[in-house]
Amino acid sequence: MKKSQQGFAGSEILFFLVIVIAIGAVGWLIYRGQSNHHQVTVLPPAAPTTVEAAASNYLIAKVGTDNFKKLYVFDKAKSSYANPKDSTYDFIAYHFAPLKAVTNYDDVIMVQVNRNKLTEVFADAVPDCIKDASLCNFKVTGQQALQIAKSNALNAGDTVITWHNKNDSYAKKKALPFVIVASSCKQNISLFIDYRNGSILGRASGCGNID
């Protein structure tokens, strides 16, 4: 074989090796990319302080910063932090100031937070004051509600004032998260009062917890 022919054969082999190496490199990069794409990063559960912040942010997004500071008081002792092995949900407790102004019954509002997915948050009876500012105008106190009840023929001595946050027809009509209920078992009457202005939303037979 002539030298020119030997050189030509050598260059062919070198070119072939370069192609093989290039194909192998591209294949490896594709494999790594697919492997990284399918790899799921498992993050540790959020710390209690982070969960608490998620609950607060949820309420703030509904009622606004000023109303949040005025209406909600965080209670760490009544909050429930589940064992991660048993549950993924924590329950963050807040005292609701308007409720205390109407009745001595010290209830709390629980905000449920998924510690593994902090955007998954839920709570009952949180007014959307961003859409309707009037929903955060809690003006009627328990004493005022009692006077309103008496001026509407509930004169029995057993008239009781309570909050009612179930999804009843009176709340639905006004799209309210709560109504105030004045009820007399002696007279077998309950009045449903708008907490914003004291207007009577309706009345029904019965007393106590009315669904």
Side-chain angles (χ1 to χ4, degrees), residues 55-56 58-60 62-64 66-81 89-113 121-211:
S56 296
Y58 171 83
L59 294 175
I60 290 170
K62 288 284 189 179
V63 304
D66 291 341
N67 284 321
F68 171 72
K69 292 178 180 178
K70 181 171 61 176
L71 303 177
Y72 296 91
V73 180
F74 169 60
D75 189 334
K76 189 176 185 68
K78 289 192 175 182
S79 298
S80 174
Y81 302 89
Y89 294 98
D90 289 336
F91 294 85
I92 310 305
Y94 294 86
H95 294 274
F96 189 55
L99 185 149
K100 194 71 174 173
V102 170
T103 174
N104 289 328
Y105 179 62
D106 187 18
D107 199 1
V108 295
I109 289 177
M110 288 289 189
V111 181
Q112 177 179 306
V113 183
V121 187
F122 175 77
D124 280 323
V126 178
D128 193 343
C129 304
I130 300 300
K131 289 185 178 179
D132 184 353
S134 76
L135 295 181
C136 277
N137 291 336
F138 294 92
K139 294 181 177 179
V140 179
T141 66
Q143 284 300 316
Q144 290 170 332
L146 188 60
Q147 291 302 317
I148 291 168
K150 288 181 177 179
S151 66
N152 282 271
L154 262 73
N155 297 315
D158 72 328
T159 298
V160 176
I161 306 298
T162 59
W163 274 111
H164 185 61
N165 61 4
K166 294 187 178 180
N167 199 21
D168 60 58
S169 58
Y170 303 105
K172 282 181 179 178
K173 287 177 183 178
K174 296 290 184 179
L176 297 174
F178 312 94
V179 292
I180 296 174
V181 182
S183 61
S184 167
C185 289
K186 285 183 180 179
Q187 292 178 273
N188 197 37
I189 296 175
S190 286
L191 294 180
F192 297 84
I193 302 170
D194 191 325
Y195 62 82
R196 301 169 299 177
N197 50 35
S199 64
I200 303 299
L201 300 173
R203 67 173 60 211
S205 298
C207 65
N209 264 338
I210 296 188
D211 294 329

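These numbers come from a predicted model, not from an experiment.
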Practice task
Classify the ring geometry between Y72 and F96 as parallel (under 30°), tilted (30 to 60°) or perpendicular (over 60°).
Solution key: tilted

Handout entry: More than 12 heavy atoms from other groups under 6.0 Å of CG on D66
Key = no

Handout entry: K131 atom NZ, neighbour heavy-atom count above 12 within 6.0 Å
Key = no

Handout entry: Minimum heavy-atom distance between W163 and V179, given as atom pair plus value
Key = CE3-O, 3.5 Å

Exercise for the section: Kindly indicate whether the side chain of S56, heavy atoms from C-beta on, has any atom under 4.5 Å from the side chain of F68. Expected result: yes

Problem - pair N152-I193: side-chain heavy atoms closer than 4.5 Å - result: no

Practice task
Ignoring hydrogens and angles, state whether a donor on the side chain of S80 or Y89 is under 3.5 Å from an acceptor on the partner side chain.
Solution key: no

Practice task
Rounded to the nearest 0.5 Å, what's the gap from NE2 on H95 to CZ on F74? Could you check?
Solution key: 10.0 Å

Handout entry: Intermediate values then yes/no, side-chain contact (heavy atoms from CB on, under 4.5 Å), Y81 and I92
Key = CA-CA 8 Å; Y81 302 89; I92 310 305; 3.8 Å; yes

Handout entry: Atom of S190, atom of C207 and distance for their closest heavy-atom approach
Key = OG-CA, 3.5 Å

Fill in the blank from the handout: A125 and F178 have their tightest heavy-atom pair at O-CZ, 3.1 Å

Practice task
Evaluate the side-chain proximity of I161 to V102: yes if any heavy-atom separation is below 4.5 Å, no if none is.
Solution key: yes

Handout entry: From CG (L191) to OG (S151), nearest 0.5 Å
Key = 8.5 Å

Exercise for the section: Output yes when a side-chain donor or acceptor of D194 lies under 3.5 Å from a complementary backbone atom of S199, and no otherwise. Expected result: no

Handout entry: Nearest atoms (heavy-atom pairs only) where I130 meets G64
Key = CD1-N, 3.8 Å

Handout entry: Check: Q187 side chain, A153 main-chain N or O, donor-acceptor pair, under 3.5 Å
Key = yes

Problem - Residue N104 excluded, over 12 heavy atoms near CG under 6.0 Å - result: no

Exercise for the section: Start with the C-alpha gap between L99 and I109, add the side-chain angles, then the distance that decides, and say whether side-chain contact (heavy atoms from CB on, under 4.5 Å) holds. Expected result: CA-CA 10 Å; L99 185 149; I109 289 177; over 6 Å; no

Handout entry: Rounded distance (nearest 0.5 Å) linking atom CZ of F192 with atom CD1 of I180
Key = 12.5 Å

Problem - Side-chain donor or acceptor of S79 paired with backbone N/O of A93 under 3.5 Å - result: yes

Exercise for the section: State, yes or no, whether a side-chain contact exists between V160 and T103 at a heavy-atom distance under 4.5 Å. Expected result: no

Handout entry: Under 3.5 Å donor-acceptor, N188 side chain and G206 backbone
Key = yes

Completion exercise
When every non-hydrogen atom of C129 is compared with those of L135, the smallest separation belongs to SG-C, 3.8 Å

Problem - side chain to side chain donor-acceptor pair (under 3.5 Å) partner of S184, chosen from T159, N155, D158 - result: D158

Fill in the blank from the handout: In short, G198 meets V140 closest at the heavy-atom pair N-CG2, 3.5 Å

Problem - Greater than 12 external heavy atoms within 6.0 Å of K139's NZ - result: no

Practice task
Could you tell me whether the side chain of P98 reaches within less than 4.5 Å of the side chain of L71, counting heavy atoms only?
Solution key: yes

Practice task
Measure the shortest side-chain to side-chain distance between K62 and L59 over non-hydrogen atoms and say whether it is less than 4.5 angstrom.
Solution key: no

